[in-house]
Amino acid sequence: MAAWYNHDSSDEDVIVEETEYDEGEKDPKCQISENAPPEETCRPYREGGDGCVKDFKKSRVQIPDVKHTDNSSKEAQVLPQIYISTKSLTYEERAALYCDEILRMCTAEDVDEMIAIYIREKIANRHSWTAVWKTAPDVLLENCDTEDLPSVGILVQVNYTPCEGQAQPLHVTVSVAEPFSSNIVNLPRELVEDVLKEYDYSVSIFDVYPIQGLGAEVDNIAEALEHARFFYDFLWRDWDDEEECTEYAGLIEKRLQLYYNIQDGTIPGPISKRYHRTLEEYRTKRLELTKFQSNIHGEAAPGEAVECWKMYYAMSMLSGILKFWEDLRLRSHGPFYPRIYKRQKGQRTTGKKVTHIVAQIMTADMLKNFSSDTLIQQHASLEKALESCFSGDMVVIFPGEYQADCLASLTEDIHIKGSGERQEVVIYSDPSHDNFVASKGSLVTLQDLTLVQQGTCDGIVVVESGQMTLINCVLKCEGTGVCVLTGASLIMTSCEVTGAQGAGIELYPGSVAKLHKNEIHHCSKQSRGDFKNPLGGINMKVLPQPQLKMSNNYIHDNHGYGVTILVPDNNQGSVKEGQEVTASGDKNETNQLTKAIQELRLEINSSNNKLKSNSLGEVGLLQRA
């Protein structure tokens with residue numbers, strides 16, 4: 001079984017100050033060294049593993065107040081700096097390290113063994129060194145506020161003796177080094193000795209961090225341990241050795257690609273946050289299930305069995321969602337999450353159409369613009385109005401601010417419009433949902449609205465099928481912009497799109513878009529900037545070809561081209577991978593761009609559209625494999 005780690009780094013030193021407490025309350029009287037090095041704390045190994053955190057309640061004692069200790073010489077010395085590699089590995093370098101050098105052709109069940117072999121090779125010529133042993137605070141401290149203390153560090157002397165058939169993961173023998181040093185200045189040495197004795201002076205090699213300045217051999221050991229911790233932190237999944245996987249190295253490559261896409265901003269910030277929340281939720285559910293099962297003694301009662309299945313089902317659903325992320329084919333086409341859509345109701349059996357008014361209070365003055373034969377139904381919330389809609393209805397939203405998750409699944413052919421100026425009707429997304437506006441209706445219209453995206457994953461508006469019409473709307477993006485998926489169409493007139501971390505408008509293969517009098521600006525502003533492949537104002541993916549008609553649009557100040565055409569690397573024979581073909585290049589490049597525009601049936605009339613101050617130019621080709 002492989003081990004799972006999660007370590008966090010902090011550059012801040014922490015001082016827990018003395019405070020008077022009543023009897024029975026926590027007494028946080030452990031002083032942390034002002035010069036303590038950045039701490040990293042390991043979570044325990046998975047259930048059944050031999051981890052860095054064990055329950056030694058009998059060994060834990062309250063740390064005495066150093067102000068009541070006369071002999072200050074007993075205080076622990078400041079820890080020396082641990083070795084931290086300054087090398088920054090690229091995706092290709094990490095893929096070669098894990099897939100070719102460490103894992104090779106192994107299966108998930110053999111991961112621990114292969115990593116152990118890798119570590120053994122690095123320490124073959126150096127079996128002893130000085131390091132900082134890090135363990136969870138509750139192993140040593142009791143009645144002490146450790147919220148801001150990720151781990152307790154002790155300076156130890158490490159000794160490794162090769163042993164055939166040694167259990168996984170690797171363990172080393174440690175002893176307290178001189179001078180006695182810790183990030184807790186008043187930590188009793190006797191307590192540390194007692195705990196190490198309980199461990200039989202044997203700890204996981206992943207819990208020891210070699211100090212710097214011991215030479216190249218020890219630095220190499222420290223780097224190897226960093227690589228191993230990185231693997232268990234970011235690449236290992238609890239379900240790996242529970243499922244058959246014939247190409248485990250290929251799976252690791254996908255997870256590495258996901259990791260780097262998050263780091264370099266290819267995946268927008270709100271989406272990556274949602275991924276991390278899902279991963280943490282999965283780990284929490286798994287831990288809850290493990291604890292629940294450990295408390296069952298003997299045969300499970302019917303109620304306990306049902307509860308186990310409920311926890312297992314929730315955990316399995318979350319792992320399934322995470323697998324969507326890891327598959328590049330699923331991640332690069334369509335929504336990041338599978339959804340269950342409500343069934344389309346269609347038109348009323350009477351054939352009548354209703355106008356739904358969204359307002360807390362309705363006055364007679366609100367009705368003066370409606371004809372006398374209009375059927376009107378008033379609702380206090382947008383959610384109630386949409387629940388009451390049938391195809392052909394209209395929803396009129398009066399000025400105010402609204403937050404609604406009901407726009408995440410529009411299936412009826414309805415017209416939603418604001419009453420008054422577009423900036424007076426503001427709708428915020430619900431951060432607890434995966435998307436903001438998603439349309440599957442044949443004819444859906446949004447008009448005179450301001451949409452403000454907050455924390456949702458997909459585009460601010462996703463046209464999944466059918467036709468979406470946007471008229472005089474402001475779209476303030478936080479994640480990606482407007483996405484038109486394969487087979488869907490968009491008509492957008494007099495709208496403003498801004499702030500998208502991806503492209504302002506993204507057209508998937510086989511989609512259709514007609515854009516007239518829109519302003520698209522300050523898009524593709526990714527947090528860490530994917531400068532190699534910026535998406536620009538409008539991004540088009542080909543095969544099959546999308547269709548785009550543009551007139552009188554103003555596309556400016558985007559990171560990338562005003563209009564980016566993504567083509568596969570075999571679509572333009574003379575263009576090398578990664579090469580960008582711009583509208584302002586040589587004759588050959590201009591011919592290729594002209595040909596691509598003709599083949600894609602694009603109507604981009606530069607005299608009608610104004611493309612200005614985009615970082616890479618007006619229109620360009622971008623190749624991807």
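Side chains are part of it too, since the values below use all heavy atoms of this structure and drop only hydrogens, waters and symmetry mates. In this chain, numbering begins with 1 at the start of the sequence shown.
Asp100 contributes atom CG, which lies 10.5 Å from atom CE of Met105 (distance to the nearest 0.5 angstrom). A distance of 13.5 Å separates CD1 in Ile211 from OH in Tyr83, rounded to the nearest 0.5 Å. Distance check, rounded to the nearest 0.5 Å: CG of Leu79 to CD1 of Ile184 gives 9.5 Å. Taking CD1 of Ile205 as the reference point, atom CD1 of Ile221 lies at 7.5 Å (rounded to 0.5 Å). Distance check: Asp207 CG to Leu225 CG gives 10.0 Å after rounding to the nearest 0.5 Å. The CD atom of Gln263 sits 10.0 Å away from atom CG of Leu258, with the distance rounded to the nearest 0.5 Å.
Put simply, the side chain of Leu187 reaches to within 4.5 Å of the side chain of Ile154, judged on heavy atoms. At least one side-chain heavy atom of Ile262 sits less than 4.5 Å from a side-chain heavy atom of His276. For the pair Gln257/Glu253, no side-chain contact is recorded, criterion being any heavy-atom separation below 4.5 Å from C-beta on. With contacts defined as side-chain heavy-atom distances shorter than 4.5 Å, the pair Phe206/Ile115 qualifies. Within the 4.5 Å cutoff, side-chain heavy atoms of Leu170 are placed close to those of Tyr160.
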Does Leu251 form a side chain to side chain contact (heavy atoms under 4.5 Å, CB included) with Arg237? I'd like the steps, not just the answer.
CA-CA 11 Å; Leu251 181 59; Arg237 298 289 182 266; over 6 Å; no
Under the side chain to side chain contact (heavy atoms under 4.5 Å, CB included) rule, what do Ile321 and Met317 come out as? Steps first, then yes or no, please.
CA-CA 6 Å; Ile321 291 173; Met317 291 293 291; 5.6 Å; no
Any chance you could lay out the side chain to side chain contact (heavy atoms under 4.5 Å, CB included) test for Tyr275 and Leu322, step after step, and finish with the verdict?
CA-CA 8 Å; Tyr275 166 75; Leu322 291 169; 3.6 Å; yes
Evaluate the side chain to side chain contact (heavy atoms under 4.5 Å, CB included) criterion for residues Ser182 and Val152: first the C-alpha distance (whole Å), next the side-chain angles of each, then the deciding distance (0.1 Å), finally the verdict.
CA-CA 7 Å; Ser182 173; Val152 176; 4.3 Å; yes
Under the criterion salt bridge (Lys or Arg N to Asp or Glu O under 4.0 Å), I'd like the reasoning laid out for Glu178 against Arg189: C-alpha separation, chi angles, the key distance, then a yes or no.
CA-CA 11 Å; Glu178 298 296 343; Arg189 178 169 182 157; 2.7 Å; yes
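For Tyr118, there are no ring pair (Phe, Tyr, Trp, His ring centres under 6.0 Å) partners two or more places apart in sequence or in a different chain. For the side chain to side chain contact (heavy atoms under 4.5 Å, CB included) test, residues two or more places apart in sequence or in another chain that qualify with Ile117 are Glu113, Met114, Arg120, Glu121. Scored by the salt bridge (Lys or Arg N to Asp or Glu O under 4.0 Å) test, Glu281 finds no partners at all (sequence neighbours excluded). Taking the side chain to side chain contact (heavy atoms under 4.5 Å, CB included) definition, one finds that Thr90 meets it with Glu92, Glu93, sequence neighbours left out. Residues passing the side chain to side chain contact (heavy atoms under 4.5 Å, CB included) test with Ser128, sequence neighbours excluded: Gln157, Asn159. Not counting sequence neighbours, the partners of Lys197 by the side chain to side chain contact (heavy atoms under 4.5 Å, CB included) test are Tyr201. Under the salt bridge (Lys or Arg N to Asp or Glu O under 4.0 Å) criterion, Arg255 pairs with Asp240, Glu326, not counting sequence neighbours. Partners of Tyr312 by ring pair (Phe, Tyr, Trp, His ring centres under 6.0 Å), not counting sequence neighbours, listed by chain and number: Trp309. Taking Asp110 as the reference, Thr107 meet the side-chain hydrogen bond (donor to acceptor under 3.5 Å, both in side chains) condition, with sequence neighbours excluded.
Between Trp239 and Tyr282, the ring centre distance stays below 6.0 Å.
The two residues Ile119 and Ala224 make their nearest non-hydrogen contact at CD1-O, 3.8 Å. Across all non-hydrogen atoms, the minimal contact from Glu226 to Ser85 is OE2-N, 3.1 Å. The two residues Asp233 and Arg283 come nearest to each other via the heavy atoms O-NH2, 3.3 Å. Residues Pro80 and Val132 come closest through the heavy atom pair O-CG2, 4.4 Å. Of all non-hydrogen atoms in Ser204 and His171, the two that sit nearest each other are N-CD2, 3.7 Å. Contact between Pro137 and Pro150 at its shortest, heavy atoms only, is CD-O, 3.7 Å.
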Donor-acceptor contacts under 3.5 Å from residues 293-304 side chains, at least two apart:
from   : atom 1 : to     : atom 2 : distance (Å)
Ser294 : OG     : Thr290 : O      : 3.4
Ser294 : OG     : Lys291 : O      : 2.7
Asn295 : ND2    : Lys291 : O      : 3.2
Glu304 : OE1    : Ala301 : N      : 2.9

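When atom types are taken as modelled, the side chain of Thr564 and the backbone of Asn539 share no donor-acceptor pair closer than 3.5 angstrom. Judged by distance alone, with hydrogens and angles left aside, the side-chain atoms of Gln453 form a donor-acceptor pair with the main-chain N or O of Glu478 at under 3.5 Å.
Ring orientation note: the planes of Trp236 and Tyr248 are nearly perpendicular, at an angle over 60° on the 30°/60° scale. Classified by interplanar angle (parallel below 30°, tilted 30° to 60°, perpendicular above 60°), the ring pair Tyr91/Tyr260 is perpendicular. Using cut-offs of 30° and 60° for the angle between ring planes, the Tyr199 and Trp133 rings count as perpendicular.
Counting only N and O atoms by type, the side chains of Tyr232 and Asp112 include a donor and acceptor under 3.5 Å apart.
A cation-pi arrangement is present between Arg229 and Tyr209, with the terminal nitrogen or guanidinium carbon under 6.0 Å from the aromatic centre and inside a 45° cone about the axis.
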